[in-house]
2 protein chains.
Amino acid sequence: MNAKATAPSAPERTGAAGADRKAPKADLSRDQILSAAAKLFRDQGYSGTTLRQIAAAAQMKAGSIYYHFSSKDQILDEVLDAGIARNFAAVREAVAACPAEATAEERILAAIAAHMRTLLSSSEFTAVDIRIFGQLPPEIRLRHQSKRSEYARYWDGLFRAAIESGEFRKDIKIAPLRQFVLGALNWTVEWFDPDTQSIDELIDRCTKLIMSGVKSA
Amino acid sequence: MNAKATAPSAPERTGAAGADRKAPKADLSRDQILSAAAKLFRDQGYSGTTLRQIAAAAQMKAGSIYYHFSSKDQILDEVLDAGIARNFAAVREAVAACPAEATAEERILAAIAAHMRTLLSSSEFTAVDIRIFGQLPPEIRLRHQSKRSEYARYWDGLFRAAIESGEFRKDIKIAPLRQFVLGALNWTVEWFDPDTQSIDELIDRCTKLIMSGVKSA
DNA sequence: CATGTTATCTAACAAACGTTAGTTATTTAA
DNA sequence: TTAAATAACTAACGTTTGTTAGATAACATG
């Protein structure tokens, strides 16, 4: 469980200006490793996944992974980062794409749809964040908690607007509401089956339940 | 991952009639092992938990575990069984305790409260079922899937009654509804903090959200 | 073609894992 | 107070684990 070691020989990514000057071919293997690791972590947990499994799924041998990453921990860190980042970015963009005159409820509907679509279609990375986070060693968890609360606070803002505008009931407390709603959405990753219903159908069902509940009018 | 081995020397539990004739003192250690294992599985996952950790938490040495269990797999099997069984029993009893003239909604409220109370207070065993089931090897999962669907079908019956009676909206499909509701409830185990709110408060909030949603009347 | 860089492989390491065998301590019953 | 039973301990086993070092392969550039 070594933490902050720097990669022994991995090439430096050119941060910004250099663009794609020095990004030849190795990054492809890097991405394959990350994607394979994400799928395996999601399905077997972190300790349940071996570097040899990751390597096989990325079509290489275990030792070769260390050309791209300095440790198993570092792979997990990047998978977790990518999961949060993709989800957050998708939700932000969906909300930003709403017309200026959109209601708070409409923004929340857009956010829910984006959250679910990211989670259920390009799911490897986001699903890891959701499924195995609670079982990780505290040291690893701590490294990612700030970005997670950032995401939570973003949702709190969406909900606060809907409550203050009177669209949502005023007796609802924001923090439990956010946890309940995101929890219900996150859990879909455990049972969603694309053969039974489409993602759009599922999004529709979930938003109706969240907005209006189960009782008949 | 050996499966169906029988314990090498563990004493036979007297099935039924014998009552407590031959249950002296070793069962206490057995229960300590199971309880310790459940907590560790819940917090670190199955592969992330070592027999030496379980033994230390049960105040013995790793080798001694094999007097009570034939393998790590067997411990997991019993923990998973206990989790489902406790939850199912608590929900069944709560529903059965409803008066004969209780509405379908009232039965569901009782079931939700029982499910959450079991999950959040005596949580070790039930929480394992919820948190790590999706990451277990398929062979282990298969062994417990029938009891899980039994529990699911029980909930389906509760929901079907509420829909047929007109208490719940008729356009809701039962299977996704059950998965959504149980998912939202199950996820509370990931974030519930008894210092922030009591279990009863949480149950109250969750039932209101499920029944009526977030929108103001 | 040659050459240095980039990427992968092979083979092994020490540590930790689940598990076992043999031995000792503890309890129960005569 | 014994003797059998029950329960736990010690110490090691064969594997598998993450990781490393050194030998190759693939590749681009002069």
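Chain letters run A, B, ... following the sequence lines, proteins first, then strands; residues in each count from 1.
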Side chain of [X], heavy atoms from C-beta onward: which of [options] has the nearest atom to it?
X: B:Tyr66; options: C:dT6, C:dG18, D:dT20; answer: C:dG18
X: B:Ser29; options: D:dA7, C:dC17, D:dT19; answer: D:dA7
X: B:Leu51; options: D:dA8, D:dT19, C:dT19; answer: C:dT19

Please list, chain by chain and in numerical order, all residues satisfying side chain to side chain donor-acceptor pair (under 3.5 Å) with [X], sequence neighbours excluded.
X: A:Asp195; result: none
X: A:Gln197; result: A:Arg205
X: A:Lys147; result: none

Taking atom [atom2] of [N] as reference, at what distance in whole Å does atom [atom1] of [X] sit?
X: A:Lys72; N: D:dG18; atom1: NZ; atom2: P; answer: 4 Å
X: A:Ile65; N: D:dT17; atom1: CD1; atom2: P; answer: 13 Å
X: A:Met60; N: C:dT6; atom1: CE; atom2: P; answer: 16 Å
X: B:Leu76; N: C:dC17; atom1: CG; atom2: P; answer: 17 Å
X: B:Gln53; N: C:dC17; atom1: CD; atom2: P; answer: 7 Å
X: B:Arg30; N: D:dA8; atom1: CZ; atom2: P; answer: 12 Å
X: B:Tyr67; N: D:dA8; atom1: OH; atom2: C1'; answer: 10 Å
X: B:Phe69; N: C:dG18; atom1: CZ; atom2: P; answer: 15 Å

(request) Verify, without hydrogens or angle tests, whether A:Ser149 (side chain) and A:Ala152 (backbone) share a donor-acceptor contact under 3.5 angstrom. (result)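 Here the side-chain-to-backbone pair does not exist.
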(message) With a 3.5 Å distance limit and no angle check, can you tell me whether A:Asp129 reaches the backbone of A:Ile84 through a side-chain donor-acceptor pair?
(response)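 A pair under 3.5 Å: yes.
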Suppose we screen for salt bridge (Lys or Arg N to Asp or Glu O under 4.0 Å). Which residues come up paired with [X], at least two apart in sequence or across chains?
X: B:Lys61; result: none
X: B:Arg52; result: none
X: B:Lys173; result: none

(request) Anything below 3.5 Å on both distances counts as a pair; with that, list the stems of at least three consecutive Watson-Crick or G-U pairs involving DNA chain C. (result)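 For DNA chain C the paired stretches long enough to count as stems (3 pairs minimum) are C:3-27 with D:4-28.
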Which atom pairs, donor and acceptor, lie under 3.5 Å between side-chain atoms of residues 155-163 of chain A and protein residues at least two apart or in another chain?
from, atom 1, to, atom 2, distance (Å)
A:Trp155, NE1, A:Tyr151, OH, 3.1
A:Asp156, OD1, A:Arg178, NE, 2.9
A:Asp156, OD2, A:Arg178, NH2, 3.2

(request) Would you tell me if any nitrogen or oxygen in the side chain of B:His68 comes within less than 4.0 Å of OP1 or OP2 on D:dT6? (result)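 False: B:His68 side-chain N/O out of range (4.0 Å or more) of D:dT6 OP1/OP2.
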(request) Kindly state each residue pair satisfying salt bridge (Lys or Arg N to Asp or Glu O under 4.0 Å) with at least one member in residues 112-128 of chain B, sequence neighbours excluded. (result)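 Salt bridge (Lys or Arg N to Asp or Glu O under 4.0 Å) check on residues 112-128 of chain B returns B:Arg117-B:Asp200.
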Report, one line per pair, each donor and acceptor closer than 3.5 Å where one atom sits in a side chain of residues 183-192 of chain A; sequence neighbours left out.
from, atom 1, to, atom 2, distance (Å)
A:Asn186, OD1, A:His115, NE2, 2.8
A:Asn186, ND2, A:Leu182, O, 3.2
A:Thr188, OG1, A:Leu185, O, 2.5
A:Glu190, OE1, A:Arg131, NH2, 3.2
A:Glu190, OE2, A:Arg131, NE, 3.2
A:Trp191, NE1, A:Trp187, O, 3.4

Please tabulate, one pair per line, each protein N/O and nucleotide N/O from nucleotides 10-14 of chain C that are separated by under 3.5 Å, including the distance.
from, atom 1, to, atom 2, distance (Å)
C:dT10, OP2, A:Lys61, NZ, 3.0
C:dA12, N6, A:Arg52, NH2, 3.4

(message) Regarding B:Lys208 and B:Asp204, does a basic nitrogen lie under 4.0 Å from an acidic carboxylate oxygen?
(response)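 Salt bridge between B:Lys208 and B:Asp204, a charged N being under 4.0 Å from a carboxylate O: yes.
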(message) Heavy atoms within less than 4.0 Å of DNA chain C: which residues of residues 32-45 of chain A have one? Give them sorted by number.
(response)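 By residue number: none to list.
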